[in-house]
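In what follows, a structure is listed as structure tokens, so that the remarks can point back to it.
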Amino acid sequence: MRVSRLMLVTLRDDPSEAEIPSHKLLLRAGYIRRVASGIYAYLPLMWRVLQKVSRVVREEMDGTGALETLLPQLQPAELWQRSGRWAGYTAGEGIMFHLEDRQGRELGLGPTHEEVITYLATDLLRSYRQLPVNLYQIQSKFRDEIRPRFGLMRGREFIMKDAYSFHANEESLRQTYAAMDSAYRRIFARCGLRAVAVEADSGAIGGSASQEFMVTAEAGEDLILASSDGAYAANQERAVSLAADPISLPGGSRAGGKGEPFATPGQSSIEDLCAGHGIEPCQTVKVLMLLARFEDESAQPLLVSLRGDQQLNEVKLANAVTARCSAEHGALLDISPITKEAAASEGLLPLPFGFMGPHLADGLLSNSGHWTKHFLRLADRTAAELSSFVCGANSTDIHLVGAAWGSLCPCPESLDLRAAQPGDRCQHDPSQQLQASRGIEVGHIFQLGRKYSEALEARFTNEAGSEEALWMGCYGIGVSRLAQAAVEQHHDGNGICWPVSIAPFEVIVVAANWAEAEQSGLAEQLYLRLQEAGVDVLLDDRSERAGVKFKDADLIGIPWRVVVGRGAADGLVELVERSSCSKRDLPAIELLETLVPCLASQRMGLPA
């Protein structure tokens with residue numbers, strides 16, 4: 001390919017819309033262009049990158065015996081309603097683009113394809129003899145993101161590889177899950193990415209186990225918590241840890257454990273309370289009042305008790321509420337704090353916001369309209385384990401000191417609801433501490449179990465001749481996100497530094513002065529020789545100044561540059577490696593024997 005025919009348009013300055021380095025560089029280097037919020041065109045250079053990423057993914061997936069297919073992007077609402085996810089994806093999170101056709105039938109643009117593939121399995125997979133089977137596809141997906149940002153990292157249209165496996169038993173599912181784990185590690189290594197596997201929450205996909213693959217980068221949206229010994233790593237949504245031991249409250253429990261009232265005027269926050277009375281946050285119990293809304297339009301008020309020095313993990317809370325309420329009320333749509341304004345609009349009795357205790361009476365909800373008339377009461381274990389504590393007295397400007405569970409009120413159901421934090425002790429080894437890093441999620445694998453096969457009645461005949469539901473797994477890779485994540489990991493002050501395996505071109509040949517016949521002639525010769533040797537090569541045949549060409553070559557990030565300059569008369573060229581900026585002069589006749597072996601190693605993600 002010649003640069004003069006590449007439609008290369010580069011930008012000198014960072015676009016105002018771009019916030020992180022990879023987004024800025026992909027725009028400046030002419031890889032992508034924004035069409036609308038969260039919607040980008042993949043220009044020729046980017047499409048070459050995406051094709052190479054897809055090729056690596058296909059080779060590794062095919063190597064496991066997976067079969068490529070292509071599923072419809074338009075999906076009937078009926079399938080999602082049968083799985084119980086339609087309301088959550090439309091009215092709840094609201095991330096699914098949905099519409100009605102001219103017959104009034106509801107359809108969705110697929111953010112994922114569990115329902116469709118399971119529906120097909122009900123017809124195609126009828127016997128244990130056909131199992132296991134793993135089907136995958138690479139196609140565009142759609143998410144109606146509330147705040148699209150960071151270019152291809154969080155867009156409303158993106159390219160994804162998703163795979164779905166079907167099994168006769170759980171052991172077979174575990175084996176394929178392990179095979180996908182190994183394949184994913186090879187894919188990311190071949191693409192030149194430093195990726196770490198972490199425990200993850202299954203979220204709206206569901207299932208009994210899941211694992212994310214994170215590309216470590218400062219611009220990552222996810223917080224990874226890991227032990228220094230490498231034995232544990234998890235997304236903060238899923239992470240568990242040991243909280244610091246609490247400091248005993250002086251004087252222990254008081255007034256028979258019901259606590260003694262003391263005045264706390266205007267001290268409605270933990271910080272103000274502790275500063276005003278010499279109390280430690282770990283000696284307090286703070287109470288959060290929230291409202292969970294469900295598919296059946298019902299609402300369940302929540303009263304959640306936390307130790308004062310801990311923060312709520314919203315994902316853990318959502319999982320707990322789903323487990324306790326969704327069988328009766330359908331999908332959980334959202335959980336939001338109950339504010340003074342919301343309480344007033346619902347006609348609730350006055351609530352002591354900032355001074356609430358865990359003994360708050362259900363009677364305050366007596367005028368709550370569509371809300372249920374009682375709290376679902378939950379407590380984080382760190383709060384439940386306190387023998388005595390300070391808490392709100394359910395009266396404005398008053399707290400209780402020396403309250404105790406059992407005397408003040410029954411201890412709520414105790415769960416892990418706190419967010420693990422950097423510096424916490426590890427559960428597997430308390431001598432280890434969790435360390436934080438940022439990550440970009442580029443892959444996620446799930447053991448789905450029978451969630452979808454039971455909902456959509458995907459059954460097979462087992463060896464005993466009986467029918468049972470299929471076991472399923474799900475395995476996703478964000479192809480377009482992976483490409484941008486590679487830029488986030490591989491760039492410098494001059495531009496992108498693509499790994500050879502996914503670079504749009506492996507080598508660029510630059511004639512410093514194209515108008516000089518010896519330079520352009522030798523550049524043409526080398527261009528043809530490299531092509532004949534199977535090298536993916538780009539020839540800069542423009543009549544631009546040498547400095548402009550070199551800056552563009554650095555910006556677009558071609559891994560190797562061959563410069564044909566004044567040494568052309570003596571048959572000499574300069575070979576530059578983009579990532580290390582190392583340079584050396586060598587005879588043009590030795591270029592192939594020097595460069596081709598390096599490329600062969602780097603194509604597999606190995607050092608030269």
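Position 1 is the first residue of the sequence; numbering continues from there.
Side chain of R28 to main chain of L11: a donor-acceptor pair is present (N/O by atom type, distance under 3.5 Å, no hydrogens or angles). The main-chain N or O of Q73 is never found under 3.5 Å from a side-chain atom of Q139 such that the two would form a donor-acceptor pair. Without hydrogens or angle criteria, Q484 side chain to F150 main chain gives a donor-acceptor distance under 3.5 Å. The closest donor-acceptor contact from the side chain of E237 to the backbone of A200 lies at 3.5 Å or more, if one exists at all.
Smallest separation of non-hydrogen atoms from G476 and Y184: N-OH, 3.0 Å. Summarising the geometry of G220 relative to I440, their closest heavy-atom pair is CA-CG1, 3.6 Å, with the distance given to 0.1 Å. In this structure, V596 and A533 approach most closely via the heavy-atom pair CG2-CB, 4.3 Å. Residues M214 and G439 come closest through the heavy atom pair SD-C, 4.0 Å. P132 approaches H167 most closely through the heavy-atom pair CB-ND1, 3.5 Å.
The OG atom of S54 lies 4.5 Å from the CD1 atom of I138; values are rounded to the nearest 0.5 Å. Between atom CD1 of residue I556 and atom CD1 of residue I496 there is a gap of 8.5 Å, rounded to the nearest 0.5 Å.
F142 places none of its side-chain heavy atoms less than 4.5 Å from the side chain of P111. Side-chain contact check for L530 versus L592: some heavy-atom pair is nearer than 4.5 Å. Side-chain atoms of L225 and Y232, non-hydrogen and from C-beta on, never get closer than 4.5 Å to each other. Counting heavy atoms from C-beta on, the side chains of W560 and C598 come closer than 4.5 Å. For the pair W498 and P504, the minimum side-chain heavy-atom distance is below 4.5 Å. S480 places a side-chain heavy atom less than 4.5 Å from the side chain of L50. By the 4.5 Å heavy-atom criterion applied to side chains, R584 and T594 are counted as neighbours. Side-chain contact between F550 and V563: present, with at least one pair of heavy atoms (C-beta onward) separated by less than 4.5 Å.
Between L79 and the options Q75, R82, Q81, a side chain to side chain contact (heavy atoms under 4.5 Å, CB included) holds for only R82. The residue from V49, L152, I20, L26 that alone fulfils the side chain to side chain contact (heavy atoms under 4.5 Å, CB included) condition with V487 is L26.
Residues satisfying the side chain to side chain donor-acceptor pair (under 3.5 Å) criterion with S580, sequence neighbours excluded, are E577, S582. Shown here are the side chain to side chain contact (heavy atoms under 4.5 Å, CB included) partners of A163, two or more places apart in sequence or in another chain: M61, N134, Y136, K161, Y475. For R48, the side chain to side chain donor-acceptor pair (under 3.5 Å) criterion is met by D536, not counting sequence neighbours. For N235, the side chain to side chain donor-acceptor pair (under 3.5 Å) test picks out E212, D222, with sequence neighbours left out. Taking the side chain to side chain donor-acceptor pair (under 3.5 Å) definition, one finds that S453 meets it with nothing, sequence neighbours left out. Remark: M160 engages K141, F158, D162 in a side chain to side chain contact (heavy atoms under 4.5 Å, CB included) (not counting sequence neighbours). With sequence neighbours excluded, the residues that form a ring pair (Phe, Tyr, Trp, His ring centres under 6.0 Å) with H98 are W86.
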Compile the donor-acceptor pairs under 3.5 Å between side chains in residues 173-182 and protein atoms, sequence neighbours left out, one pair per line.
{"unit_1": "R174", "atom_1": "NH2", "unit_2": "E170", "atom_2": "OE2", "d": "3.2"}
{"unit_1": "Q175", "atom_1": "NE2", "unit_2": "E171", "atom_2": "OE2", "d": "3.4"}
{"unit_1": "Y177", "atom_1": "OH", "unit_2": "Q211", "atom_2": "N", "d": "3.4"}
{"unit_1": "D181", "atom_1": "OD1", "unit_2": "R185", "atom_2": "NE", "d": "3.3"}
{"unit_1": "D181", "atom_1": "OD1", "unit_2": "R185", "atom_2": "NH2", "d": "3.2"}
{"unit_1": "D181", "atom_1": "OD1", "unit_2": "Q211", "atom_2": "NE2", "d": "2.5"}
{"unit_1": "D181", "atom_1": "OD2", "unit_2": "R185", "atom_2": "NE", "d": "2.9"}
{"unit_1": "S182", "atom_1": "OG", "unit_2": "A178", "atom_2": "O", "d": "3.3"}

May I have the list of side-chain donor-acceptor pairs in residues 186-199 shorter than 3.5 Å, sequence neighbours left out?
{"unit_1": "R186", "atom_1": "NE", "unit_2": "E60", "atom_2": "OE1", "d": "2.8"}
{"unit_1": "R186", "atom_1": "NH2", "unit_2": "E60", "atom_2": "OE1", "d": "3.4"}
{"unit_1": "R190", "atom_1": "NH1", "unit_2": "E59", "atom_2": "OE1", "d": "3.2"}
{"unit_1": "R190", "atom_1": "NH1", "unit_2": "E60", "atom_2": "OE2", "d": "3.0"}
{"unit_1": "R190", "atom_1": "NH2", "unit_2": "E59", "atom_2": "OE1", "d": "2.5"}

Do any side-chain atoms of residues 37-44 form donor-acceptor pairs under 3.5 angstrom with protein atoms, and if so which ones, sequence neighbours left out?
{"unit_1": "Y40", "atom_1": "OH", "unit_2": "E17", "atom_2": "OE2", "d": "3.1"}
{"unit_1": "Y40", "atom_1": "OH", "unit_2": "H23", "atom_2": "NE2", "d": "3.0"}

Could you walk me through whether V240 and K316 pass the side-chain contact (heavy atoms from CB on, under 4.5 Å) check? CA-CA 10 Å; V240 296; K316 291 180 181 178; 4.2 Å; yes
Take S228 and Q432 through the test side-chain contact (heavy atoms from CB on, under 4.5 Å) and record every step on the way to the result. CA-CA 7 Å; S228 56; Q432 298 278 328; 2.6 Å; yes
Begin with the C-alpha distance, continue with both residues' side-chain angles, and end with the deciding distance and a verdict on side-chain contact (heavy atoms from CB on, under 4.5 Å) for L586 and V573. CA-CA 6 Å; L586 73 163; V573 297; 4.0 Å; yes
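Sorted by first and then second residue, the side chain to side chain donor-acceptor pair (under 3.5 Å) pairs involving residues 6-15 (not counting sequence neighbours) are T10-D552. The salt bridge (Lys or Arg N to Asp or Glu O under 4.0 Å) contacts involving residues 437-447 comprise nothing, where partners must be two or more places apart or lie in separate chains.
The pair R561-D554 counts as a salt bridge, with a side-chain nitrogen and a carboxylate oxygen less than 4.0 angstrom apart. The existence of a salt bridge linking K451 and E114 is excluded, since no basic side-chain nitrogen approaches an acidic carboxylate oxygen closer than 4.0 Å. Salt bridge E68/R58: present, at least one basic N to carboxylate O contact under 4.0 Å.
No more than 12 heavy atoms of other residues, nucleotides or ligands shown are found within 6.0 angstrom of CD1 on I146.
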